[in-house]
Each structure stands twice: as structure tokens, then as C-alpha cells.
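Everything on this sheet refers to the single structure shown next.
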Amino acid sequence: MEANSSGADVSADHIIAELLDMGFEFDKISEAIGIVGPCRADVVEFMLNGSGSEQRKPAGGLQRRSSDRSTRPANPRGNFKQSSITDHIASTTGSKMESRGGEASTSYSWLAPSIDTAVTAAVCSKSKPEPQTLLQNSRGEFDLNDKISAVLKKHFGFSCVKGFQKEALDAWSAHKDCLVLAATGSGKSLCFQIPALLTMKIVVVISPLISLMHDQCLKLAKHGISACFLGSGQPDNRVEGKAMAGMYKIVYVCPETVLRLMEPLKKLAEKPGIALFAIDEVHCVSKWGHDFRPDYRRLSVLRENFCSRKLKFLEHDIPLMALTATATLHVREDILKSLKMSEHTLVVLTSFFRPNLRFTVVVATIAFGMGIDKSNVRRIIHYGLPQSLEAYYQEAGRAGRDGKLSDCTLYCSFMRTPTLLPNKRSDEQTRAAYRMLLDCFHYALNTSTCRAKILVKYFGEDFGPDGCQMYFSTFSMYLLLI
Ligand SMILES: Nc1ncnc2c1ncn2[C@@H]1O[C@H](COP(=O)(O)OP(=O)(O)OP(=O)(O)O)[C@@H](O)[C@H]1O
């Protein structure tokens, strides 16, 4: 027996039943329990990464499997909120229970960005209320912030939601569509996981990769939240039926499957109800992005079908929450249009400026390996030009997640033609690929401006003349001839 993240004791049988129910294979669960013992957190850790807690780690433990989340994302019509980089760097590296004060945030209309000084505070529970001790307001309702604090603490052990998470949750609670752009590892998942815990309804999450869905379900199991994944990677064919009967709080599904399940989803929307459709890695919608997936474009059926105009039992349209880590203005615009998101979509944006990263380009002919995904990576070295600056920002951004000064070095030889897109591509895709490559050339060849500034500008953000002074007043460019 062990204590789970919610404080309750669970047995090996209980863990097996729980994970089987989510659609994981019996053999894998048993193997994990056999190695790390009947501790849910360790079993999940083992299934995710091939290791349990330190003292129970098997000799010669397996290699860590990183969930490779390729990410990047626009509403010319929507409201635009932009919060500080400290929104993600400081909080993700801090202790789980740390309490954070207010966070600086700027907001602007994204067509004509103009920064103002609006402050978006993180929601922290001062008194750390337990669900049963929440105070009701005069109409007998619980305050949303208190509810959020309570579920956050109960399931995840955190005291505060970050500023951008609060913005997204406010949009959801106001039944608004929302586009969230926040860095890799900043905590986007909580934006759509919390709604599942605040209502009796289900959250449906559309995700492009089975490995991502798999990992997220395991992490939710660790936090005592029932979830499942549907699609070709689901070995148990009973899980789909159970999911469509409302037996899981969070249902992860790939785009092809969501398109196939439109009718069952409409029934689910009636009873017990769908709280939210979250579209993760939403840059996959855009042909202008580096990770285009045609099925993502067909997800406009969600906005077209799950609205009160079409489904008479709905009081409000079911909100869409689209999330990504990187997207240019062009890609954002494309996302909003392609998904037919509401004209009142709120765009929540955290700054792309990472003050602790120094960007250097070295023109050379020597090969170097890539860094790995850890919080304290001090240097990311790219060998060869990336296909796009989105891809570069995504990969280089793995450096310095702990907020400490780190270097991002790009080695490239202008003598070598960079790889473009797959051989079979339309003229439009070829043009887009060349455009993206041209941006990379401009970035690499720049000798007059701070590189961080170019990257941030590329994503449509202007942090003013002072932004670089701390670390970027100079940059390096070496020419190594061999
Ligand atoms: N409010 C919070 N306070 C402290 N830690 C948080 C908070 N929200 C999220 N985190 C932590 O941040 C980490 C990253 O979260 P998550 O995986 O959701 O990031 P993400 O933005 O979805 O990343 P990616 O783009 O790689 O998918 C997790 O360990 C999560 O527990």
C-alpha cells in the first residue's frame, strides 16, 4: 500500500485496475510494479521514463524517453494578452509549493501591438482553502479563483496558477474561445486540465502524437485524475465506448479519431457535457508552420458543430482552447481562421523573450551534437541551419529552463544546401519553405542587431530598445575556415 498524490492509499490491484482502465497494457503495468513496487507515482514514473524513485531504481535503469513536443501558432480579431517571461521561467523552476506574487503582463491588440502596463496577477491561495472549506458567495456559488486554488493544490500540489493560465481559465469560464501561446514547459496543460476538475463535464483534448497522449495520461494518473487516450495507439477497444459514455474526466484523442467520433461526441456534449475542446500543438493547423498536419485543418468542424445554434440543448457554445509554444503572427492568423474560432477569441501570449539566452552564430564546417531536454542545459548547439526560426526557437529554447544564463550556438555552412520539406510538396509549400529558410539566413547573417531581438520580433513581439541591454548589446560571429 502507498499514499497517492491525493493522500489516499492504493494497492497494487488498484493501480493495475486504474491504469488498465485508462487503456494501458497489463504486461507493462505488471512489469513496472514488479520493478518499482506498488507505488503509483513510481509505477507511472517507470512507465514514462523507465525509472522509479531513486532508491528503487533498477540496476542499469532504462533510458529516459523524452516526450518530444514539437511546438509553435493568431487572431487579427481577438484580444491579445501578453505576460512576462518570468511567468514561465521562474515558476517552472521553483518549488512546487512556492507562492508567487503578481506578475508583470502587457496586453495589446495583435494587429498593432502597443504595450501597456496592465498587471496580471497569478492566482495564489492565501489561506490555501481545502475544497470543503470554500466559502460561498451571496448567490451560493463558490468563487472561481478559490475553486481553482483548491483543485490546483489538491491534485497538483501547487499554490498558484500562473498569469497566463489564469487568463486562459477566465476565458474558458466566460465561455470564450482562447488561443494560448506559451513556451515549452511553461504549463499549458494545466489550462485545459483544470476545467475538467472544476465541473462535472468532460474535457476533450486533441493531440497530434500518441506518445504525447500516452505521457499526459500517465501524468494525470499520478495526480489521481482519470484520463484515457483514443486512436490507433489505444490497444483496448473498450476504452472508446467508456470514454463516449463519460467515464473519464479527460479524453485525449488524435484529430482523425475526433472527426470519426462526431456523433458520439454530440451525445457526450448532452450528457454529462463537454466542458472544453482543447487543441494542443495547434500550430499543426497551419500550412505556414513547420509541422503542418492536414487533419488539424478539418477541426473547424468543432466550432461549426458544438455551438448552441446547432445543438439546442447547449446554453453556450462549447469553448475551444488552442495551445502552442511557437507561432508567427501569420500562423496565428491562419489558426484562428482555419479553426473558425470565434471573433471574440482571447489570445493569451507569454513573451518570447528569454533574457537568459545568448544567441550566437558560428559559420563553420565542424559537426556537433544537439543538447538534451533538461532544465539546466547551459548550451544548445545546432549544426546546420534549421528549417525555420520557429523550429530553431523551439529547439534552442530548451537551454536555460532554470532561468540561468545559457548559450544557443548555431553552426552553419553556407556552402551546404539546407534540407527543405519532404520531396512531395506543393508549390505553395515550397514557397513557404523558402520563405522560412530566408528568415533563417537573415537571422544568421545579421551583424547589426541582437539575435534575441530578431527572434522575438519574428514572433510579432517588440520589447523596445532597452530589452537587450542586459545581455545582448554585443554578439559573436566567427568564421572558421577549415
Ligand atoms: N501553476 C504552476 N505552478 C508551478 N508549476 C507548474 C504550474 N503549472 C504547471 N507547472 C509545471 O510546469 C511543468 C510543465 O508543464 P506542462 O507539461 O503543462 O508544460 P507545457 O507548456 O504543456 O509544455 P510543452 O510545450 O512541452 O507541452 C510541469 O511540471 C507542471 O507541473
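For ligands, and for the atoms within them, numbers begin at 1 and follow the listed sequence. Any value given below was found using the heavy atoms of this structure, including those in side chains, with hydrogens, waters and symmetry copies removed.
- Between Leu190 and ligand 1, a contact under 3.5 Å exists for no N or O pair.
- Remark: Glu45 engages Lys222 in a salt bridge, criterion side-chain N to carboxylate O under 4.0 Å.
- Between Phe24 and Phe229, the distance from one ring center to the other falls under 6.0 angstrom.
- With atom 5 (N) of ligand 1 as the reference point, the heavy atom nearest to it among Phe158, Phe164, Phe192 is part of Phe158.
- Remark: ligand 1 and Cys160 share an N or O pair separated by less than 3.5 Å (distance only, no angle test).
- Counting only non-hydrogen atoms, the option in Ala182, Gly187, Ser189 that gets closest to atom 19 (O) of ligand 1 is Gly187.
- Heavy atoms of Ala183 approach ligand 1 to within less than 4.0 angstrom.
- Annotation: the span from Lys188 atom NZ to Glu281 atom CD amounts to 7.0 Å, rounded to 0.5 Å.
- Remark: ligand 1 and Glu281 share no N or O pair separated by less than 3.5 Å (distance only, no angle test).
- Annotation: Lys188 places an N or O atom under 3.5 Å from an N or O atom of ligand 1; distance criterion only.
- Ligand-side atoms of ligand 1 in range of Lys162: 1 (N), 2 (C), 7 (C), range being under 4.0 angstrom from any heavy atom.
- Applying the side-chain hydrogen bond (donor to acceptor under 3.5 Å, both in side chains) criterion to Asp21, with sequence neighbours excluded, gives Lys242.
- Listed by number with element, the atoms of ligand 1 under 4.0 angstrom from any heavy atom of Val161 are 1 (N).
- Looking at Arg303 and Ser342, their side chains never bring a donor and an acceptor atom within 3.5 Å of each other.
- Side-chain polar atoms of Glu395 and His382 form a donor-acceptor pair below 3.5 angstrom.
- For Tyr392 and Tyr443, the gap between ring centers is short of 6.0 Å.
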